[in-house]
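One structure below.
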Amino acid sequence: MKREQYSLHTKENYLDLFININTPLLKYLSPGCAGIHYGKTGVGYGNKLAACEGFARFLWGAGPALTSMKQETVIKDIITGIKNGTNPGHEEYWGIIGDRDQRMVEMPAIALTLMYQEQKIWKCLSKEEQGNAYNWLNQLNDHECADGNWQFFRVIVNLVLKKLGYPVNTLKQKEALDKIEACYLKDGWYRDSSRGRQDYYTPFAFHYYGLLYAVLEPHTPEAETFRERAKLFATQYIHFFAENGANIPFGRSMVYRYAVVSFWSALVYGKVLPFSLGEIKGIINRNIRWWMTQDIFSEEGILTLGYTYPQLMLTEPYNAPLSPYWSNKIFLLLALDAEHPYWQAEEEPLPKRESIKLLGEVNMLAFHDYGHSQLLSAGQPGPNFHVLSNEKYLKFSYSGAFGFSIPRSNELKTEAAMDSMIGIQSAKGNVLTWEENQPTFVTGQYKVRNCVEQVAKTDNYLTSRWCLADGNKIKTWLMPIGSWQVRVHQLYLTEESMIYETGFALESASEDTLYTYQAEEKGYYAKSSKGFSGIKDLTHHLQKRENRGVNCLPNTNLMTPEVTTLPGFEVKLSAGEHWLATGIMAHPDSQYAELKWKNTPEVYIEKDWIIIKLKEEVLTIGRNEGEKGD
């Protein structure tokens, strides 16, 4: 279900949005008000704890909204829920936690709710109830937190307890701050633990909490550091947003959806303004409106697990039915006074930004072309332990218009939905299927980029060296030129192999989408009312590849539940060294893309150089540049 379009100008407008999104939750409040029970899907920590999560994630918005909400029964339910949830003698007690416990994730929202609006909720508790709340929250100091953004849970809870008049465990606080510092990289980016990734957890976790810290302890060196880093990060983060408000899907926890703009809310709350209030308001409002036009709510009005539609395949082991309400973090804005200048600010377009921008700490090149925003990715070295890591972190490009696809299985191309990838399989690696009314052996179970060993990046191109367990090694160069994405691959194959490479998946099956495709000698393209997606062979003179476009199964692409068409090439190569170059053209404006399609890049592989030409533009790359990475 989609929501109506909202006027988002005044504080009352934002409050109405919060109430409309969250009111459907309240019918599922437990008898003791300490949990919200909804849904039947499983979660790694069990659905009993998920009820506590549902309550706490409601508080990410309800806490800041306390003085504005006129629903006294809701405020009474919040008070009752906190009393009972922290009372060891009550049947809805949230319990004794352990190491790396999910309840640690929910503690900051509960703690902050006690503090907001001049401690309104806290003052409604008796001395005994206050003691219960302190004892339950203080458990966080007695158990191990996961490295990474979880360290901020301890920091924020301790700061709130300090504000409420309790002593702070300074040793645990310093230990947590030191671990947070160890995650910092450069340009505002954090890695989420030593084995973690750089993704949306930098804005909606590290910086969000860092800016809260800076409000709670404004005169400390750490506060100044967090403010400066957030300001620096903002100049990188604007490249994750398209002009229409959509953010580019990438990485884990995509079910949190519009939580991606909570970073901008926290900047305003923390009085850190890297851009004008109007520009920040524009980023927030366009993203919210974009999300409200997507089918993200159930018929009951509950946020679903999924991305632009309900979909379980992309979820993480820690995603419970109400986990998506992490997105309530955007409503930190409701803690602002009614007279705050944000409410008077008029929306402005995105700040001026480069059409191509190196985002070095995430190994990406942002690429903006006439309303289409992409992130070209060299991949991130290190172990891959998140669900669907290859799809969420290691594709060649991520798009604000076409998103990316995830597999239903890895048997057949239609099931694997391998958009923006190159796959390798032994020529003997056939699977039996049914095509053209008869049993047919086809190549399946392709292996894709996973083990990235080395990355190099410049302002114009990215390079990654990656390998497969069977000994095959690949070096890939990625670069934008004109409106094209160009890829060059140097392959070292240990045996005769099938190579399958793809562009972007394009919706092609909805009743209002007319789909056509045009085959050419060096490639082909598809177009529909949703846009244009094409692929060209730029080393056609070296090795002819066959067009292998497929229609991917429904519910594989994040941006549409419909069947998608996926342009691709396939070729059989012998053992040894080979070079392939590919041009990718995709755009939501088909007419614009068709014009750009007519001018094809040329790629020349020389002894020491790779040369890419498009009209008057020439990019020359040393084949051995960046061999040691950077």
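Position 1 is the first residue of the sequence, and the numbers go up from there.
- With contacts defined as side-chain heavy-atom distances shorter than 4.5 Å, the pair D537/T582 does not qualify.
- Between the T564 side chain and the N557 main chain, no donor and acceptor come within less than 3.5 Å of each other.
- Remark: of the listed residues Y237, F233, Y200, F233 is the sole one forming a ring pair (Phe, Tyr, Trp, His ring centres under 6.0 Å) with H207.
- Between W326 and Y256, the ring-plane angle classifies as parallel under the 30° and 60° cut-offs.
- A pairwise comparison of heavy atoms in T202 and G188 identifies CG2-O, 3.5 Å as the closest pair.
- For the pair S426/E495, a side-chain contact is recorded, criterion being any heavy-atom separation below 4.5 Å from C-beta on.
- N287 has its side chain within reach of V260: a pair of non-hydrogen atoms, C-beta onward, lies under 4.5 Å apart.
- Ring pair F240/W189 is tilted by interplanar angle, where 30° to 60° counts as tilted.
- Listed for the T502 side chain is no donor-acceptor partner under 3.5 Å among the backbone atoms of G568.
- Annotation: side chain of L277 is in contact with side chain of V268 (closest heavy-atom distance under 4.5 Å).
- In this structure, K392 forms no cation-pi arrangement with F250, as its terminal cationic atom is not both closer than 6.0 Å to the ring centre and no more than 45° off the ring axis.
- With respect to K572 and E546, no salt bridge is recorded, no charged nitrogen being found less than 4.0 Å from a carboxylate O.
- Of the possible polar contacts, one joining the Y524 side chain to the G549 backbone as a donor-acceptor pair under 3.5 Å is found.
- The two atoms that bring R191 and G196 nearest to each other are CG-O, 3.6 Å, heavy atoms only.
- A salt bridge is absent between R197 and D192; no separation between the charged side-chain nitrogens and carboxylate oxygens falls under 4.0 Å.
- Looking only at distances, a side-chain donor or acceptor of N472 sits under 3.5 Å from a matching main-chain atom of T494.
- Taking the six-membered ring for Trp and thresholds of 30 and 60 degrees, Y370 and Y592 have nearly parallel ring planes, at less than 30 degrees apart.
- Of the residues listed (H489, Q490, R487), the one engaging W477 in a side chain to side chain contact (heavy atoms under 4.5 Å, CB included) is Q490, and it is the only one.
- Closest non-hydrogen pair, R408 versus L553, comes out as NH1-CB, 4.0 Å.
- Ring-plane geometry between Y446 and Y500 is classed as tilted, the angle between the planes lying from 30 to 60 degrees on a 0 to 90 degree scale.
- The pair E501-R548 does not count as a salt bridge, with every side-chain nitrogen at least 4.0 angstrom from each carboxylate oxygen.
- Contact check for I406 versus Q311: side-chain heavy atoms found under the 4.5 Å cut-off.
- In this model, no donor atom of one side chain and acceptor atom of the other lie less than 3.5 Å apart for W466 and E453.
- Of all non-hydrogen atoms in G400 and A246, the two that sit nearest each other are O-CB, 4.0 Å.
- To the nearest 0.5 Å, atoms CD (E279) and CG (L350) are separated by 8.5 Å.
- There is a side-chain donor-acceptor pair under 3.5 Å between S409 and E415.
- Residues I605 and V488 have side chains in contact (heavy-atom distance under 4.5 Å, counting atoms from C-beta outward).
- Using the six-membered ring where Trp is involved, H368 and H239 have ring planes that are parallel, under 30° apart on the 30 and 60° scheme.
- Among all heavy-atom pairs drawn from T556 and Y309, the shortest one is N-OH, 3.9 Å.
- Residues R449 and S464 share a closest heavy-atom pair of NH1-OG, 3.0 Å.
- Figure legend: cation-pi geometry between K281 and W264 absent, as NZ or CZ is not positioned both under 6.0 Å from the six-membered ring centre and within 45° of its axis.
- The main-chain N or O of L614 is never found under 3.5 Å from a side-chain atom of E617 such that the two would form a donor-acceptor pair.
- In this structure, W290 and Y307 have tilted ring planes: the angle between them lies in the 30° to 60° band.
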(message) Please determine whether side chain to side chain contact (heavy atoms under 4.5 Å, CB included) holds for the pair L506 and F532, giving the CA-CA distance in whole Å, both sets of side-chain angles, and the decisive distance to 0.1 Å.
(response) CA-CA 7 Å; L506 174 69; F532 176 108; 5.8 Å; no
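- A salt bridge does not link R545 with E570: none of the charged nitrogens is closer than 4.0 Å to a carboxylate oxygen.
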